[in-house]
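Okay, structure first, notes after.
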Number of protein chains: 2
Amino acid sequence: MTDIKSGPNPLFLREEDLRQGIELLFYAYRDFTAEPDAMLAKIGLGRAHHRVVYFVGRYPGITVTELLGILQITKQSLSRVLSDLVDQEYIAQRPGTKDRRQRLLTLTDKGVDLERSLSDAQRARIASAYRAAGAAAVEGFRTVMLGIIDAEDRAKFPPPGKR
Amino acid sequence: MTDIKSGPNPLFLREEDLRQGIELLFYAYRDFTAEPDAMLAKIGLGRAHHRVVYFVGRYPGITVTELLGILQITKQSLSRVLSDLVDQEYIAQRPGTKDRRQRLLTLTDKGVDLERSLSDAQRARIASAYRAAGAAAVEGFRTVMLGIIDAEDRAKFPPPGKR
DNA sequence: GATTTTATGTCAGTCATGTTGACTTATTTC
DNA sequence: GAAATAAGTCAACATGACTGACATAAAATC
């Protein structure tokens, strides 16, 4: 154990630095999901419904296959929550114009309301963390998070200048 | 909508910045957990077992109540995975010396091996992200993540100087 | 010393969310 | 015309969460 107990020299990645990274992700995700989960429970829905509503809101007209690619679950798993959301009129389906096999998914007004109320707690949490941390820290956060995400999905996050 | 489409001015938090923050957390956590999940599936265990093994390794001698406080699940939920881990001799229990009602939890040698092999993929992912991002970005990452975590748990992450 | 609280564990039932495998239908592509 | 693709369905199952009720041992309090 080369435990020099030096000042911070993060390019010499100690065991403890890495462990702290693991724990930051664990606690942040735990707290980040707690509020919407509690709201969802009250209306008989779960986190999986939130994810679907979120990404349909994010990419209006998204196809089922595209959604499966993002969520990385099976179509049978998606089917259940998507059926719930369509039945309860949070999400509308319409056939694709170019490819009529596709079902393009969009939020109804009711779905927009749900998405907003669920994600607002998360937006507030992010906003408060960003404000407290400052612009430079936010850029560092972005950079490290992108490094954690598999390379295939990094293109979903265009650099600040391009936005 | 005051959409000025300016250059990056992160103190004016636009809708899109916040949405990007939400998605960074979603994708990072999804990819961060995928590798250990796949390894666990091969030996008939799940993510819940990983969490327990991780935190018992992190805090040797931790009590059941303390572990429940970290995981934020019910004792019935913990009981099942903890029993598995004790039965399969990944975790050992011994009565507390000061309070003999407590069961102090520690990893066995077998448990240490399991914890290491599971978390190694995660450590490697963090290490690679940290190296690619650089020291300043890592500090920003830490700061923002701490802002996302509920205040009660921030003390678990001492500032760099104090480590 | 008796009572209450705490730490832990257990039994039973339920729900949400994931899985695999098999199969169907409509449509598009080759 | 045949094969591939997009979507959906049925069935069975595993995991990990939950609630509620109850039990035991030990510690803390009155």
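Throughout, a chain's letter reflects where its sequence line sits, starting with A, and its residues are numbered from 1.
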query = What is the distance, rounded to the nearest whole Å, between atom CD1 of Ile73(A) and atom C1' of dA14(D)?
reply = 16 Å
key: Length of the CG-P vector between Leu82(B) and dG16(D), whole Å   = 13 Å
inquiry  = Taking 4.0 Å as the cut-off, does a side-chain nitrogen or oxygen of Thr74(A) come that near to OP1 or OP2 on dT19(C)?
reply    = yes
ask   = Would you say the base of dT27(C) and the side-chain of Arg100(A) have a donor-acceptor pair closer than 3.5 Å?
value = no
ask   = Of the nucleotides dT17(C), dG9(C), dT19(C), which one has an atom closest to the side chain of Val81(A)?
value = dT17(C)
note = Per atom distances to the Asp99(A) side chain, the nearest of dA6(D), dC18(D), dA7(C) is dA6(D)
inquiry  = Given the structure, check if the side chain of Arg80(B) and the base of dA17(D) hold any donor-acceptor pair shorter than 3.5 Å.
reply    = yes
request  = Quickly work out the Asp37(B) CG to dT17(C) C1' distance and round it to whole Å.
outcome  = 13 Å
request  = Can you tell me the distance, in whole Å, between the CZ atom of Arg30(A) and the C1' atom of dA17(D)?
outcome  = 16 Å
ask   = Parallel, tilted or perpendicular for Phe55(A) and Tyr27(B), by the 30°/60° rule?
value = perpendicular
note = Among dT9(D), dT19(C), dA21(D), the one nearest any side-chain atom of Ser83(A) is dT9(D)
ask   = So, is Arg103(A) close to the dG8(D) phosphate, meaning a side-chain N or O under 4.0 Å from OP1 or OP2?
value = yes
request  = Taking atom types as modelled, find out whether Ser119(B) and His50(B) have a side-chain donor-acceptor pair closer than 3.5 angstrom.
outcome  = yes
request  = Report the relative orientation of the aromatic rings in Phe32(A) and Tyr29(A); use parallel for angles under 30°, tilted for 30 to 60°, perpendicular for over 60°.
outcome  = tilted
Side-chain H-bond candidate by donor/acceptor type, Tyr90(A) with Glu115(A), under 3.5 Å = no
key: Nucleotide of dG16(D), dC18(D), dA7(D) approaching Gln102(A) most closely (side-chain heavy atoms)   = dA7(D)
task = Provide, to the nearest angstrom, the distance between the CG atom belonging to Leu68(B) and the C1' atom belonging to dT6(C).
result = 13 Å
request  = State whether the distance check finds a donor on one side and an acceptor on the other, under 3.5 Å, for side chain Gln93(B) versus base dG9(C).
outcome  = no
request  = State which residue, out of Ile149(A), Ile22(A), Asp150(A), Leu25(A), fulfils the side chain to side chain contact (heavy atoms under 4.5 Å, CB included) condition with Arg125(B).
outcome  = Asp150(A)
ask   = Between the base of dG18(C) and the side chain of Gln72(A), is there a donor-acceptor distance below 3.5 Å?
value = no
request  = Measure from CG on Leu78(A) to P on dG8(D) and round the result to the nearest Å.
outcome  = 8 Å
message = Do Leu71(B) and Leu45(B) land in one hydrophobic cluster if side-chain heavy atoms of ILVMFWY residues count as linked below 4.5 Å?
response = yes
inquiry  = Rounded to whole Å, please give me the gap between NZ in Lys98(A) and P in dT28(C).
reply    = 11 Å
key: Options dG8(D), dG16(D), dT19(C), nucleotide nearest the side-chain atoms of His49(B)   = dG16(D)
message = On the nucleotide dT17(C), are OP1 or OP2 found under 4.0 Å from the side-chain N or O atoms that Ser77(A) carries?
response = no
message = Any base atoms under 4.0 Å from Thr65(A), or only sugar-phosphate, or nothing? Heavy atoms, all strands.
response = sugar-phosphate
task = Tell me whether the OP1 or OP2 atom of dT24(C) has a side-chain N or O from Arg101(A) closer than 4.0 Å.
result = no
ask   = When the distance from CG of Leu45(B) to P of dA14(D) is rounded to whole Å, what number comes out?
value = 15 Å
message = On DNA chain C, does the nearest nucleotide to Glu66(B) precede the nearest nucleotide to Gln76(A) from the 5' side, or the other way round? Give the residue.
response = Glu66(B)
